[in-house]
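Just so it is clear: chains get the letters A, B, ... in the order the sequence lines come, proteins before strands, and each one is counted from 1. Side chains are part of it too, since the values below use all heavy atoms of this structure and drop only hydrogens, waters and symmetry mates.
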There are 2 protein chains.
Amino acid sequence: MNHNAYICRMENDCIKCSVKPKVAGVLCECCLDPSKTNHATVQFVKGDMIIKQGNYSTNVAFLRKGMVKIHLAGPSYEQIVRIVKAPAYLGLPTTFGNKINQYSITAISEAQVCYIDIDFFRNLLKANEQFSYGIILELCQNELESFRRCANRTQKQARGNLADMILDFATNIFESDTFILPISQSEMGNLVDTSRESISRMLSEFAKDGVIRMTGKQLEILNKNSLQLISQNG
Amino acid sequence: MNHNAYICRMENDCIKCSVKPKVAGVLCECCLDPSKTNHATVQFVKGDMIIKQGNYSTNVAFLRKGMVKIHLAGPSYEQIVRIVKAPAYLGLPTTFGNKINQYSITAISEAQVCYIDIDFFRNLLKANEQFSYGIILELCQNELESFRRCANRTQKQARGNLADMILDFATNIFESDTFILPISQSEMGNLVDTSRESISRMLSEFAKDGVIRMTGKQLEILNKNSLQLISQNG
DNA sequence: AATATTTTGTGATATGAATCACAATGCATA
DNA sequence: TATGCATTGTGATTCATATCACAAAATATT
């Protein structure tokens, strides 16, 4: 979603940094537009928890830079539900309902986050129909994505899911066929619902078969077609 | 979500049935409030498909009465994602984005549906912030629910998932410990991600252990605690 | 009522992937 | 540079559950 489109047309100061916004928004550009200055933002390093499941929170977080993982306590391990990269709003559903975080969000790279008070955010929604429509669209997208992902995870077997993860990283997160794996193998296991050992075995296998090349944590896709085939069959 | 709360405060006729709404809504009560007359609604019988994956559609459907299953084509079988009972809006994410249905919805009981044109629905959102806020809340709820469900499905083993399904039916759908199973065993398999055979075996087992009693398609929960325990462990 | 069709029950077997166990490597920090 | 902790590689074994195969019910259809 293009956040630049959602600058609110009101004549107030920015709630976050109290700066008169140049484009006449309730949030100034720095807080809504990730391409601007890093005024009023918080820095996180890899491993820092940005939002913690179970905690009370009255802020929506806007991820300006970096990558995070959304994860929640499952019955037997910490399920990673999604990898998200900037720009994105974080913790929306959590903060909206009962204000108890229903999942955790942890930085998996350096990250910059700016916090928006939930009541303010709510007013923003009220005041700007375009903004709230955009949010609805995004939530709808998420729901569909969730459905698909869930159906795939449970129906495909491990190889297919791992292939999907790699393709997803390449196309949606890094937009390149060569990238550095942003999570450990056990995390991959928790994302793709297999054991750490299986991930290790399968990655070696893919490399042996010439589908990928691995140099330390760097992964290069050598044969995208093969990956897609592996993803499809089962 | 309590749909009665979302009657829009505008002075137009109902777009669906062109009746001047008594409560001054853009949709008259019959189209927003499921407890009113069945004016302008379509009847479905068990097995009828209300929304078909892949079809073009410009309507949101409002389920006034009955139960439906939301399902979509997975890599190897038709994944059932959720059982929904009235009142509820159906096909929101589908119709919002590209207008191609991303999943199917099929009646699993007699059902009454009233269709709302998407453009109208959009205007409703624009005009009534309370309504759109309610929709956002609901979508957020769905997302959380999705996360939890997905984590459970993949982490728990079959017995636990089946126990969950039974508890979900009892508490959320039928609101009674005795109910008639609304779907076949193979459908249960597709909902809970196991084979039809496993469902059959596990149901017999639960019955043998005195956790449930089955009389044809009727299921009675005899020991809710046991079910919860089965759900928890694995 | 009689036949067809879908749904269910249950055994036997096959299999994907978890788990256990331990070595090896890499990475951080003193 | 050395020591410690986290990550990874790989074999052997176990286990839950899918799959196959067929019989028995139950439901629908003529």
Looking only at the aromatic ring of each residue, does the gap between the centers of A:Tyr89 and A:Phe121 stay below 6.0 angstrom? yes
Quickly work out the B:Gln218 CD to C:dT8 P distance and round it to whole Å. 15 Å
Just one of A:Asn161, A:Asp168, A:Asp164 clears the side chain to side chain donor-acceptor pair (under 3.5 Å) bar with A:Ser231, so which one? A:Asp164
Can you tell me if the side-chain N/O atoms of A:Gln185 get under 4.0 Å from OP1 or OP2 in D:dA6? no
Whole-Å distance between D:dG9 C1' and A:Ile199 CD1? 14 Å
Above 12 or not: heavy atoms from other molecules or residues under 6.0 Å from NZ of A:Lys99? yes
Does a donor on one side chain and an acceptor on the other come within less than 3.5 Å for B:Gln102 and B:Gln53? no
Working to the nearest 0.5 Å, report the span between CG of B:Asn55 and OG1 of B:Thr94. 10.5 Å
Using OP1 and OP2 only, check whether a side-chain N or O of B:Lys217 sits under 4.0 Å from C:dT8. yes
Take atom CE of A:Met214 and atom C1' of C:dG26, then tell me their distance rounded to the nearest Å. 13 Å
Between its two end axes (five pairs each) the helix from C:dA1-D:dT30 to C:dA30-D:dT1 turns, nearest 10 degrees, through 50°
Grab the N/O contacts between the protein and nucleotides 16-23 of chain C below 3.5 Å, and write none if there aren't any.
{"from": "C:dA17", "atom 1": "OP1", "to": "A:Ala158", "atom 2": "N", "distance (Å)": "2.6"}
{"from": "C:dA18", "atom 1": "OP1", "to": "A:Ser195", "atom 2": "N", "distance (Å)": "3.4"}
{"from": "C:dA18", "atom 1": "OP2", "to": "A:Ser195", "atom 2": "N", "distance (Å)": "3.4"}
{"from": "C:dA18", "atom 1": "OP2", "to": "A:Ser195", "atom 2": "OG", "distance (Å)": "3.0"}
{"from": "C:dA18", "atom 1": "OP2", "to": "A:Ser198", "atom 2": "OG", "distance (Å)": "2.6"}
{"from": "C:dT19", "atom 1": "O4", "to": "A:Arg201", "atom 2": "NH2", "distance (Å)": "3.0"}
{"from": "C:dC20", "atom 1": "N4", "to": "A:Glu197", "atom 2": "OE2", "distance (Å)": "3.3"}

Interatomic distance, B:Leu181 CG vs C:dT8 C1' [rounded to whole Å]: 13 Å
Within the 4.0 Å heavy-atom criterion, would you say A:Ser200 contacts the bases, only the backbone, or no part of the nucleic acid? base
Using whole Å, what does the distance between atom C1' of nucleotide D:dT17 and atom OH of B:Tyr77 come to? 12 Å
Without decimals, in angstroms, what is the distance between A:Ile183 CD1 and D:dT7 C1'? 14 Å
Starting at CG of B:Leu203 and ending at P of C:dT7, how long is that distance when rounded to a whole Å? 16 Å
